[in-house]
There are 2 protein chains.
Amino acid sequence: MAQPITLRQVSPLKASCHQCSLSNLCLPLALNENELDRLEDIVQQGRIFNRGELVFEQSTPFRSCFAVRSGAIKTSIITESGEEQVTGFFMPGELVGLDSMSSDAYACSAKALERTSVCELPVDRLEELTHKIPELQHHFFHLMSQEIQNSHQLAMLLSKNTAEERIAALLLSLSSRFGRRRMSPTQFSLPMARNDIANFLGLAVETVSRVFTRFQNQGLIRARGREVELLDIEALQLVTRESSRQRC
Amino acid sequence: MAQPITLRQVSPLKASCHQCSLSNLCLPLALNENELDRLEDIVQQGRIFNRGELVFEQSTPFRSCFAVRSGAIKTSIITESGEEQVTGFFMPGELVGLDSMSSDAYACSAKALERTSVCELPVDRLEELTHKIPELQHHFFHLMSQEIQNSHQLAMLLSKNTAEERIAALLLSLSSRFGRRRMSPTQFSLPMARNDIANFLGLAVETVSRVFTRFQNQGLIRARGREVELLDIEALQLVTRESSRQRC
DNA sequence: GTACGCACTTGATATGAATCAAACAGGCGG
DNA sequence: CCGCCTGTTTGATTCATATCAAGTGCGTAC
């Protein structure tokens, strides 16, 4: 299934934020042509990482944020006790590394979950540019604030919700994030292992596995390994809101 | 116990970021005199809220961030199902509202836990100023990134740690935050109710209460109501790291 | 083709914390 | 001063999920 060559196609060496289909996700829409040019100047496009390769490593000097173009990245922290804690999954159009902007070293490690293409944004040049372009500064405040909210959301999920609710929420989140790209929101391949899901959601692997089969038996999903099909999105949404089964 | 009037005292109506003892906490040290003046121009100082009063309310138009001068603030979200979820506690020198910078409405509500004095920072003017002062922009990136890390830290605590570990971690966090101010890090009054602690840490009130008495019986703390004394900080630190009791 | 390792699934049991229930303390208004 | 309301503590029971223990399936190397 070879991709037909279109007129839009340009040399991969040439910076091309203009053409990037993700631009409205990872970049502000409000930039004008000139501003986009200046942004392109500092962005290093098209770096490729193979599955399992580190995009950056915790405690090494913080140099750049990375925008995911294709593939998927997981971020994780190694605690003092040596355990890994998965802090997030990043899909195309999403920006990795914002949590490190408060220090000189990366606050977490980022690993490619599959073959992954990224754009690198060196922070020193980025900060210069955000200073020059108010819209861009605003956009970064926006992105970081969003990340805080996401993390609060996650904390809520972890502190208040059952295993089923957490997993349903993750599946729906992935679904909508795949959907924002041209991909099917109901049928996709999980980029991460059950282990990563468990770690991220604060569950045991066995529990994740059990919930997957339970969902399957209830006809909510069809899952074979990492291949997942969401059969009944509304029912899944109901599961996540099931926290309201309280005192009604 | 009347506070003796000192020479440092100025009219409360006059902006005084220069004199504020918190300046190295909530503001960047790197600002020069002129820049501090410009910051003072936009800061509305000395607003007072009584216990229980809302500093701002979720879903109302986002206008300002607030720096806590004295007292304490809790932030919380009301979920669709109507439950409250406490997302954070803010002590003097800390900035509230950064999570709302991605939208036009406040992402959470902020309530004074005791009589609380704040400085108001209107965002529109703040964004203008950060645009003009690169140091200030850098500082805000720093603050927001810190907030993301805090939230990740909380998520980790909630997903991996036991009730005792969570509560020990909270006590130690409060201790160090009181310590940064001129206050005792070992003896203080909790600004929040057991209920808020429980909600914040994803526990039942009863569990919080039980852990407090357990800590007391073990000689780690002395607690009577909201009055708390940390008797053995090292032991408490050991509790939080107890997660490493894994396979040793 | 077979064997090894790894990711995943399934079952049995143990346990930490929630829930239910009730007593207790302190602050406030009458 | 008493009674009420709210916040806190304590005890008994239940339940969800971790843990322990096998087993299964699949991809890869030999």
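Protein chains get the first letters and strands the later ones, always in sequence-line order, with residue 1 at the start of each.
- Atom C1' of nucleotide D:dG7 and atom CZ of B:Arg194 are separated by 9 Å, given to the nearest angstrom.
- Look at B:Ser209 and you won't find any side-chain N or O under 4.0 angstrom from OP1 or OP2 of D:dT10.
- Geometrically, A:Arg194 engages A:Phe212 in a cation-pi contact, judged by NZ or CZ lying under 6.0 Å from the ring centre and within 45° of the ring axis.
- Rounding to whole angstrom units, NZ of residue B:Lys160 and C1' of D:dA18 are separated by 12 Å.
- Annotation: B:Arg222, atom CZ; neighbour count of heavy atoms from other residues, nucleotides and ligands within 6.0 Å does not exceed 12.
- Protein atom CZ of A:Arg226 is 19 Å distant from nucleotide atom P of D:dG25, rounded to whole Å.
- With respect to the salt-bridge test (charged N to carboxylate O, under 4.0 angstrom), the residues A:Glu164 and A:Arg214 qualify.
- Atom CG of A:Asn195 is separated from atom P of C:dT9 by 12 Å (rounded to the nearest Å).
- Taking atom CG of B:Asn199 as the reference point, atom P of D:dT8 lies 13 Å away to the nearest angstrom.
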Less than 3.5 Å apart, which donor and acceptor atoms pair up between the side chains of residues 97-109 of chain B and the rest of the protein, not counting sequence neighbours?
| residue | atom | partner | partner atom | Å |
| --- | --- | --- | --- | --- |
| B:Ser100 | OG | B:Ala107 | N | 2.9 |
| B:Ser102 | OG | A:Ser145 | OG | 3.2 |
| B:Ser102 | OG | A:Gln149 | NE2 | 3.0 |
| B:Ser103 | OG | B:Ala105 | O | 2.9 |
| B:Tyr106 | OH | B:Arg63 | N | 3.4 |
| B:Tyr106 | OH | B:Ser64 | N | 3.0 |
| B:Tyr106 | OH | B:Ser64 | O | 2.9 |
| B:Ser109 | OG | B:Gln58 | N | 2.8 |

**Per-nucleotide protein contact string for nucleotides 14-26 of chain C (B base, S sugar-phosphate only, - none; heavy atom under 4.0 Å)** = ---SSBBB----S
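- The separation between B:Met192 atom CE and D:dG7 atom P is 15 Å, rounded to whole Å.
- For the pair B:Glu227 CD and D:dT9 P, the interatomic distance rounds to 13 Å; values are reported in whole Å.
- Separating the NZ atom in A:Lys74 from the CG atom in A:Leu113 is a distance of 6.5 Å, to the nearest 0.5 Å.
- Side chains of B:Ser173 and B:Arg177: a donor on one and an acceptor on the other come within 3.5 Å.
- At whole-Å resolution of the value, CG in A:Leu201 and C1' in D:dA18 are 15 Å apart.
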